[in-house]
Amino acid sequence: MSIVEGISGPGQLRELPESDLPALAAEIRQRLIDSVSRTGGHLGPNLGVVELTIALHRVFCSPHDAIVWDTGHQSYVHKMLTGRHDGLPGLRQTGGMSGYPSRAESPHDLVENSHASTALSYADGLAKAFALGGGDDRAVVAVVGDGSLTGGMCWEALNNISAAPDRPVIIVLNDNGRSYAPTVGALGTHLAALRGGLSGSLFEQLGLAYLGPVDGHDTGALEAALRKARALRAPVVVHCLTRKGYGYPAAEADEADRMHTISPAKPAGTPSRPTWTDALGDELVEIGQRRPDVVAITAAMLIPTGLQAFARRFPDRVYDVGIAEQHAVTSAAGLAMGGRHPVVCVYATFLNRAFDQVLMDVALHRMPVTFVLDRAGVTGSDGPSHNGMWDLSLLGMVPGMRVATPRDRRRLGELLCEAVDHADGPTALRFPKAEVAGELPTVGRLGSADLLRAHSDPDVLIVSVGPMAGAALAAADELARQGVYATVADPRWILPVDPALVRAAGGYRLVVTVEDSGEHGGFGDAFARAARTAGIDLRLRTLALDQRFLAHGERKAMLAEQGLDGPGIARTVLGALGTAGTTLTLRETPALRVGSVAPVATP
Ligand SMILES: Cc1ncc(C[n+]2csc(CCOP(=O)(O)OP(=O)(O)O)c2C)c(N)n1
Ligand SMILES: CC(=O)[C@@H](O)[C@H](O)COP(=O)(O)O
Ligand SMILES: [Mg+2]
């Protein structure tokens with residue numbers, strides 16, 4: 001039996017003789033490489049914390065002691081040492097082990113949120129709670145990466161933690177010098193100086209004790225430092241120097257991001273098709289060439305958000321602000337006030353934390369900022385805090401905000417140009433984590449919407465948001481096979497809803513909206529509200545994601561499960577028409593149709 005298979009919890013780990021630890025580390029590392037290369041996941045970050053995690057679970061007694069992992073993407077080793085090594089083959093798959101801590105999986109897991117820079121705030125709260133418990137000897141440990149430390153919340157927490165010398169919090173700084181790319185800003189420089197021997201850290205200036213730098217791959221040295229930190233019984237930073245991808249040459253040699261996150265293995269010869277992100281990157285370079293006022297901003301995700309080509313072409317017009325979305329947005333407002341047109345590229349879910357900045361720093365001042373929201377809709381394998389299902393509900397509330405959703409590669413280019421040409425307020429453009437859709441041609445107009453399928457005597461109008469056009473057209477084909485005819489429309493600019501489209505919809509027996517977004521306050525809700533405001537009585541079904549935290553899974557399957565694929569949409573239409581299981585006899589006189597279909601020559 002392997003060593004790790006003999007560890008059903010930290011207790012067995014603590015009983016291991018020190019002489020077994022190098023073999024344990026090697027075994028864990030090999031299992032990570034073998035398994036995560038198959039399943040996909042955060043291989044680099046986890047390879048970097050093997051020794052650190054072993055030391056943590058030998059010094060502290062989780063779950064009595066609280067260990068919080070910032071972002072949680074580096075918690076695979078923690079899971080293996082807390083009795084879940086056999087979950088690795090099912091990592092991030094439907095019904096399998098989550099790629100982040102999961103309270104349902106183990107009492108050793110506290111924080112499931114994958115949004116960075118939160119660990120120190122949780123730790124501050126836990127320490128306060130334990131202190132109130134009276135004479136509580138439970139340690140509070142927060143493991144935070146150097147990248148996450150560039151996030152503002154960390155400094156809000158440090159401001160509080162440092163001011164309470166009687167409330168010990170052990171901050172384990174996992175410093176591998178990188179987020180995806182090398183950690184930016186003065187903090188990155190300061191940490192590098194500390195690595196280089198600088199004495200007098202920023203942390204000590206704040207009143208925290210500081211231990212380190214410690215070799216983050218020397219389990220003995222780590223254990224000694226962690227025991228010392230524990231004994232201090234005061235807020236302390238243990239500065240651990242690690243290497244992302246450590247022990248796997250292919251990861252350590254990966255210049256881009258040290259295999260920060262890798263995709264599941266694909267059969268040899270599988271063609272790699274361009275993604276929406278690739279398309280965005282190409283389009284932005286085009287725009288950058290003719291619009292010198294356009295600048296790009298990333299929050300430590302230059303490559304993942306497709307800005308690499310733009311950065312190569314226009315190195316002085318791209319800003320990596322660190323994992324600092326709030327700062328990114330308000331800095332963009334400043335850039336716009338200074339006459340630039342910023343394009344802020346973030347994953348949709350991460351814009352959540354900068355909502356106030358979008359609302360009060362950008363929109364209140366009607367600043368021409370464009371938000372490109374990648375990973376909008378279901379992302380799947382990264383679990384509930386990664387699905388981009390909140391942005392439409394949030395942005396729909398923002399006065400003056402205009403939101404576009406491209407259905408295919410051509411519309412991405414068109415809409416991005418329209419967005420950066422919009423000068424008197426903010427715009428947003430969203431697309432999913434998927435291969436970019438091929439051309440879905442326009443066959444007519446309905447209000448300002450593109451018609452993708454028209455019928456002289458349709459039974460239903462399907463209004464699809466962005467890439468959901470593919471599923472809507474598949475549903476139309478399925479319905480046609482059953483003698484039910486659908487008109488399919490793509491609004492392109494989805495928020496605010498176009499009153500002309502709503503008026504046109506008034507002539508249809510049934511209207512179905514389809515979006516890859518949360519149902520609460522999404523496009524469907526906005527469409528219904530626009531109809532009420534216009535006094536138009538619609539028979540409306542709004543198809544969207546259930547407004548709940550969706551467990552990790554595979555995007556396509558999750559959309560189908562939510563009825564957001566061709567068959568699912570068709571089922572909704574047939575059910576609404578009261579024809580499910582019966583032959584269709586209904587037809588209404590065309591005279592009832594208000595929305596005329598204006599055919600246009602297909603471009
Ligand atoms: C708010 C937020 N923005 C962006 C991300 C995407 N992200 C995930 S991990 C990561 C880098 C984290 O760097 P670090 O904290 O140093 O951890 P490491 O991967 O180096 O171990 C980023 C930017 C995120 N999870 N949360
Ligand atoms: C942990 C984190 O937030 C990122 O690493 C994220 O998991 C990357 O997601 P993609 O794989 O979709 O780029
Ligand atoms: Mg790092």
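Whatever order the structure lists them in is the order used to number ligands and atoms, beginning at 1. Nothing here was measured: the structure is a model prediction, and the numbers come from that model.
Under the 4.0 Å criterion applied to side-chain N and carboxylate O atoms, Glu223 and Arg230 are not assigned as salt-bridge partners. Electrostatic pairing of Asp408 and Arg411 counts as a salt bridge here, judged by a charged N lying under 4.0 Å from a carboxylate O. Contact check on Asp382 versus Arg92 returns a salt bridge, with a Lys/Arg side-chain nitrogen under 4.0 Å from an Asp/Glu carboxylate oxygen.
Of the polar atoms of Thr71, none of the N or O atoms is found under 3.5 Å from an N or O of ligand 2, judged by distance alone. Taking only nitrogen or oxygen atoms, main chain and side chain alike, Arg178 reaches within less than 3.5 Å of ligand 1. Remark: ligand 2 and His42 share an N or O pair separated by less than 3.5 Å (distance only, no angle test).
Of the protein's heavy atoms, Tyr180 CE1, 3.7 Å lies nearest to atom 22 (C) of ligand 1. Here the protein heavy atom with the shortest distance to atom 1 (C) of ligand 2 is Tyr100 OH, 3.2 Å. The shortest contact between atom 11 (O) of ligand 2 and any protein heavy atom is with Lys433 NZ, 3.4 Å. Of the protein's heavy atoms, Ile323 CD1, 3.5 Å lies nearest to atom 23 (C) of ligand 1. Scanning the protein heavy atoms around atom 9 (O) of ligand 2, the nearest turns out to be Asp382 OD2, 3.4 Å. For atom 10 (P) of ligand 2, the nearest non-hydrogen atom of the protein is Arg375 NH2, 3.5 Å. Scanning the protein for heavy atoms near atom 16 (O) of ligand 1, the closest one is Gly147 N, 2.7 Å. Among all protein heavy atoms, the one lying closest to atom 13 (O) of ligand 1 is Ser179 CA, 3.4 Å. In this structure, atom 8 (C) of ligand 2 lies nearest to the protein heavy atom Tyr180 OH, 3.3 Å. Among protein heavy atoms, atom 24 (C) of ligand 1 sits closest to Phe350 CZ, 3.2 Å. The shortest contact between atom 10 (C) of ligand 1 and any protein heavy atom is with His260 CE1, 3.9 Å. Among all protein heavy atoms, the one lying closest to atom 13 (O) of ligand 2 is Tyr347 OH, 2.6 Å. Scanning all protein heavy atoms for the shortest distance to atom 21 (O) of ligand 1 gives Asn176 ND2, 3.4 Å. The protein non-hydrogen atom at the shortest distance from atom 15 (O) of ligand 1 is Ser148 OG, 2.7 Å.
For the pair Asp109 (side chain) and Ala104 (backbone), a donor-acceptor distance under 3.5 Å is absent. One N or O on the side chain of Asn113 and one on the backbone of His115 form a donor-acceptor pair closer than 3.5 Å. No donor-acceptor distance shorter than 3.5 angstrom exists from the side chain of Asn176 to the backbone of Thr242, with no hydrogens or angles considered.
The six-membered or imidazole ring of His73 lies near that of His260, with a centre-to-centre distance under 6.0 Å. In this structure, His85 has its ring center at least 6.0 angstrom away from the ring center of Tyr76. Between Tyr347 and Trp390, the ring centre distance reaches or exceeds 6.0 Å.
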One pair to check against salt bridge (charged side-chain N to carboxylate O under 4.0 Å, His left out): Asp516 and Arg555. What are the steps and the verdict?
CA-CA 11 Å; Asp516 182 4; Arg555 171 177 162 79; 2.7 Å; yes
Before giving the answer on side chain to side chain donor-acceptor pair (under 3.5 Å), spell out for Thr82 and His57 the whole-Å C-alpha distance, their side-chain angles and the decisive distance to 0.1 Å.
CA-CA 9 Å; Thr82 50; His57 279 298; 5.6 Å; no
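When the heavy atoms of Gln74, Lys244, His42 are ranked by distance to atom 18 (P) of ligand 1, first place goes to Lys244. By heavy-atom distance, the residue among His386, His73, Gln74 lying nearest atom 3 (O) of ligand 2 is His386.
Rounded to 10°, the angle formed at the Mg ion (ligand 3) by Arg178 O and Asn176 OD1 is 90°.
Heavy-atom proximity to Asn174, at under 4.0 Å, picks out these atoms of ligand 1: 21 (O). Atoms of ligand 1 found under 4.0 Å from any heavy atom of Met301 (numbered from 1 in listed order, with element): 4 (C), 6 (C), 23 (C). Residue His115 has at least one heavy-atom neighbour below 4.0 Å for each of these atoms of ligand 1: 26 (N). Residue contact check: Gly145 has heavy atoms under 4.0 Å from atoms 14 (P), 15 (O), 16 (O) of ligand 1. Interface atoms of ligand 1 facing Glu325, defined by a heavy-atom separation under 4.0 Å, are 1 (C), 2 (C), 3 (N), 4 (C). Residue-ligand proximity, Asp146 to ligand 1, at heavy-atom distances under 4.0 Å covers atoms 16 (O).
Within Asp146, the N, O or S atom lying nearest to the Mg ion (ligand 3) carries the name OD1.
Residue contacts with ligand 1, taken as heavy atom pairs separated by less than 4.0 Å, do not involve Leu149 at all. The backbone of Ser114, and not its side chain, has at least one atom closer than 4.0 Å to an atom of ligand 1 (non-hydrogen atoms only; backbone = N, CA, C, O).
In this structure, the side chains of Met301 and Tyr180 come closer than 4.5 Å at one or more pairs of heavy atoms.
Enclosure of atom CZ in Arg103 is not indicated, since only 12 or fewer non-hydrogen atoms of other residues, nucleotides or ligands lie within 6.0 angstrom.
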